Amino acid sequence: MYDSLRQRRTPFHGITRLTDLTHTLASPSSWWNRRSGFEDFNYPGTWDLLAKTEPLPDIIHGHNLHGQYFDLRALPLLSARIPVVLTLHDEWTYTGHCACALGCDRWMTGCGTCPNLSTPPAIVRDGTASNWLRKQDIYARSRLHVVAPSKWLLDRAESSILARGIVKGRVIPNGVDTRVFHPGDRDAARRKLGLPAEAHILLFCANGGRANPYKDYGTMWAAVRSLTVERSSNPLLFVVVGDEAPAERVGDAGVRFVGLERSASRMALYYQAADSYIHAARSEVWGLTVTEALACGTPVVATAVGGIPEQIRDTETGFLTPPGDAGSMAEAIQTLLDDDERRSAMGAAAGRDAADRFSLEQMASNYLQLYREVVQQGSGHSEH
């Protein structure tokens, strides 16, 4: 979370404008495509990728390909020469423009009439149907070993236009550094952060906090508010990391906003200091902050959307609640806060489970195994 916040909120706007200007001068048609709502794939350096590597690589491993640096049209040529592994981090590969479909299912039938052109990567006019068709044609001529961090995302990819190019799909969960994110002394963490020792602390982390379109701050706010009506023992503090605002109150609870956190080790302290991490999301391919909290031995209460149910073992390492249901979320939080023994046991189970399933070492091992298989199989044309 700390890395993604740093990348998204550092003021690179001037650099971005300069990059866009340079790209437009080199390729005037790119400007017209963007103004027409067509995704810009015109990055000629992609076609020379293999000419600039000596010796040739055994594998090409792609990640987010919508960062204004890669020509998607080169995938058929590249994957015909070298096995290509493609790790999905969002839904962009099979949509008409958006990285997160947010409940829209037009990606299954061809996009067009887009309900939200401003969803990143935003486009100014509705070229989504054309974008979708171009991608469909590209994947039909490609051979891709597709990896997703959650089965939820892989299932969607295999039901989409991307399926035409998938040689084989695999789920490899995103890992976290368990040398940093691990269970710790709660009281010591609170002292270092200046948080009250006697309070019950609920934590939420997201880029932009309340304004994040993919998270559901309103549901968390309502859940915390209903908790304060029923509580009469320990004071309640809701800490929001990733947002800057004056402290406020929700009923009897305090709300403290903490801005951008650049330090991984300090971020770990927030997880260790919390009694529960709460996370309501509208869409979530894979909740990095959920994994970090679990790794720190903090039970998580989160909405059962996207890949989150694959991260939390319901009633064992946390609780899953229906999306948008503040009452259910409040009930789950209340259960944790009212039972110190159960909360401690669930936190310990969360730390063990995350160390077993979501460490960087486990993720690296899974990828190395995949690489071995892909190299042994060559291009994989016979598998499709």
Side-chain angles (χ1 to χ4, degrees), residues 3 41 43-95 99 107 134-178 285-286 288 291 306-307 310-311 354 356-384:
D3 281 336
F41 298 157
Y43 294 92
T46 308
W47 298 89
D48 296 330
L49 184 63
L50 296 181
K52 296 177 180 178
T53 55
E54 181 64 36
L56 287 177
D58 295 306
I59 290 173
I60 297 172
H61 191 165
H63 289 269
N64 273 354
L65 300 183
H66 55 79
Q68 297 184 329
Y69 71 98
F70 186 84
D71 192 328
L72 201 69
R73 297 169 297 182
L75 275 180
L77 173 65
L78 293 174
S79 62
R81 296 188 59 189
I82 304 291
V84 173
V85 173
L86 177 59
T87 294
L88 306 181
H89 296 272
D90 55 36
E91 301 186 77
W92 176 85
T93 52
Y94 53 77
T95 71
W107 57 271
R134 284 201 298 166
K135 289 177 179 178
Q136 181 184 60
D137 174 66
I138 290 168
Y139 302 143
R141 295 180 287 112
S142 301
R143 315 296 294 178
L144 308 170
H145 299 265
V146 171
V147 177
S150 61
K151 185 177 184 299
W152 175 84
L153 181 58
L154 184 61
D155 286 346
R156 287 165 78 87
E158 291 180 335
S159 301
S160 74
I161 53 176
L162 184 58
R164 295 169 177 251
I166 296 178
V167 173
K168 192 172 184 179
R170 180 166 305 189
V171 175
I172 299 180
N174 292 334
V176 298
D177 189 345
T178 52
V285 166
W286 185 263
L288 174 60
T291 306
E310 300 170 50
Q311 298 176 264
D356 288 342
R357 296 197 293 150
F358 305 138
S359 69
L360 290 180
E361 291 78 9
Q362 183 62 52
M363 181 177 71
S365 176
N366 290 337
Y367 270 110
L368 289 173
Q369 179 60 33
L370 172 63
Y371 293 157
R372 285 190 287 267
E373 294 175 12
V374 169
V375 170
Q376 290 170 1
Q377 295 163 2
S379 64
H381 284 219
S382 62
E383 287 189 43
H384 195 65

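Because the structure is a prediction, the values reported are computed rather than measured. The analysis underlying the following values was restricted to heavy atoms, covering all of them including side chains, and did not include hydrogens, waters or symmetry mates. Just so you know, residue 1 is the first one in the sequence shown, and it goes up from there.
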Less than 4.5 Å apart, side chain to side chain, heavy atoms only: is that true for [X] and [Y]?
| X | Y | result |
| --- | --- | --- |
| Leu288 | Asn174 | no |
| Leu162 | Leu144 | yes |
| Pro76 | Ile138 | yes |
| Pro57 | Leu50 | yes |
| Thr93 | Val146 | no |

Requested in this report: Take the angle between the ring planes of Trp286 and Phe358 and call it parallel below 30°, perpendicular above 60°, tilted in between.
Outcome: perpendicular
Report task. May I ask you to decide if the ring planes of Tyr367 and Tyr371 are parallel, tilted or perpendicular, using 30° and 60° as cut-offs? Result ->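 Tilted: the ring planes of Tyr367 and Tyr371 meet at 30° to 60°.
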Minimum heavy-atom distance [X]-[Y], with the two atoms named:
| X | Y | result |
| --- | --- | --- |
| Val374 | Pro83 | CG1-CB, 3.3 Å |
| Ser142 | Ser79 | CA-OG, 3.6 Å |
| Tyr94 | Ser160 | CB-OG, 3.3 Å |
| Val375 | Ile59 | CG2-CD1, 3.8 Å |
| Ala157 | Leu88 | CB-CD1, 3.8 Å |

At what distance, to the nearest 0.5 angstrom, does [atom1] of [X] lie from [atom2] of [Y]?
| X | Y | atom1 | atom2 | answer |
| --- | --- | --- | --- | --- |
| Leu86 | His61 | CG | NE2 | 7.5 Å |
| Leu78 | Ile60 | CG | CD1 | 4.5 Å |
| Phe41 | Leu65 | CZ | CG | 9.5 Å |
| Arg164 | Asp137 | CZ | CG | 9.0 Å |
| Leu75 | Phe70 | CG | CZ | 4.5 Å |
| Leu370 | Arg170 | CG | CZ | 5.0 Å |

Those residues that, when tested against [X], pass side-chain hydrogen bond (donor to acceptor under 3.5 Å, both in side chains) (two or more places apart):
| X | value |
| --- | --- |
| Gln369 | Arg372, Glu373 |
| Trp92 | Glu39 |
| Thr46 | none |
| Arg81 | none |

Report task. With sequence neighbours excluded, tell me which residues meet ring-ring contact (aromatic ring centres under 6.0 Å, His included) with Tyr139. Result ->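 Partners of Tyr139 by the ring-ring contact (aromatic ring centres under 6.0 Å, His included) criterion come out as none, since no residue qualifies.
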Output all residues satisfying side chain to side chain contact (heavy atoms under 4.5 Å, CB included) with [X], sequence neighbours left out; order by chain, then residue number.
| X | value |
| --- | --- |
| Arg357 | Arg313, Asp353 |
| Ser365 | none |
| Gln362 | Ser359, Asn366 |
| Asn64 | His66, His89, Asp90 |

Query - Residue list, salt bridge (charged side-chain N to carboxylate O under 4.0 Å, His left out) with Glu310, at least two apart or on another chain - result: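 Glu310 satisfies salt bridge (charged side-chain N to carboxylate O under 4.0 Å, His left out) with no residue once adjacent residues are dropped.
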Query raised in the report: For Asp71, which residues count as a salt bridge (charged side-chain N to carboxylate O under 4.0 Å, His left out) partner, sequence neighbours excluded?
Result: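 Here the qualifying residues are Arg73.
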**Report entry** Listed once per pair and sorted, the salt bridge (charged side-chain N to carboxylate O under 4.0 Å, His left out) pairs that draw on residues 146-156, sequence neighbours left out
**Finding:** Glu91-Arg156, Lys151-Asp155
Report task. Go through the steps to decide whether Glu361 and Thr178 satisfy the test side chain to side chain contact (heavy atoms under 4.5 Å, CB included), and finish with yes or no. Result -> CA-CA 9 Å; Glu361 291 78 9; Thr178 52; 4.1 Å; yes
